[in-house]
Amino acid sequence: MAPNFITSGKPESVSSWDQKNKQYINIERLEIIKLYNKSMLGVDKHDQLVSYYRVYMKSRKWTLRMITHAFDMAVANSWLEYKQSRKKRCRPTFSPSSSTKSAECRSPTSAKTSSKTLEFRPTEGES
């Protein structure tokens, strides 16, 4: 790789899996490789999602290919936005023994329920 803004990067030692010997070995990695891997994570994830759910349409016209690619990008972006927006989700639980409804808020990353329990008390006239 030929970097255009990192002239003398400091190599650092990282461990890599050697398939032939089936063990980890230490290799040197340049600073530009570290920067590339750090900055390309989101782009690689986006390209991966686009490749999974691509609209397959044969066409020789570049305009149709651009439109379908834009649609693919919109679908992948909306999926990523959906995953980011659901930081917490609440599921209502109903207890026949009590007159209150409660909702347990769970984090999508862990299976544990949080200590917060929301109580919903019925107003007058509701049962």
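Heavy atoms only: backbone and side chains are in, while hydrogens, waters and symmetry mates are out.
A distance of 5.5 Å separates OG in S16 from CD1 in I25, rounded to the nearest 0.5 Å. One distance of note links CZ of R29 with CD of E12; it measures 4.5 Å at 0.5 Å rounding. A distance of 9.5 Å separates CG in D47 from CE in M73, rounded to the nearest 0.5 Å. One finds the CD atom of E28 at 13.0 Å from the CD1 atom of I33 (value rounded to the nearest 0.5 Å). From D72, atom CG reaches atom OH of Y52 across 14.5 Å, with rounding to the nearest 0.5 Å. The distance from atom CE of M57 to atom CG of L64, rounded to the nearest 0.5 Å, is 4.0 Å.
Minimum interatomic distance between Y56 and S51 (heavy atoms only, all atoms of both residues): OH-O, 4.0 Å. Of all non-hydrogen atoms in R60 and R65, the two that sit nearest each other are O-NH2, 3.9 Å.
The pair E31-K10 does not count as a salt bridge, with every side-chain nitrogen at least 4.0 angstrom from each carboxylate oxygen.
Evaluation of the side-chain hydrogen bond (donor to acceptor under 3.5 Å, both in side chains) rule for N21 yields D18 as partners, not counting sequence neighbours.
Linking ILVMFWY side-chain heavy atoms closer than 4.5 Å, directly or via other members, places V75 and V55 in a single hydrophobic cluster. Transitive grouping of hydrophobic side chains (ILVMFWY, heavy atoms separated by less than 4.5 Å) keeps V14 and W17 in distinct clusters. In terms of hydrophobic clustering, with Ile, Leu, Val, Met, Phe, Trp and Tyr side chains grouped at heavy-atom distances under 4.5 Å, W62 and F71 are assigned to different clusters. Under the 4.5 Å side-chain heavy-atom criterion for grouping Ile, Leu, Val, Met, Phe, Trp and Tyr, M66 is not connected to V50 through any hydrophobic cluster.
For Q48, the CD atom sits in a packed shell: over 12 heavy atoms of surrounding residues, nucleotides or ligands are nearer than 6.0 Å.
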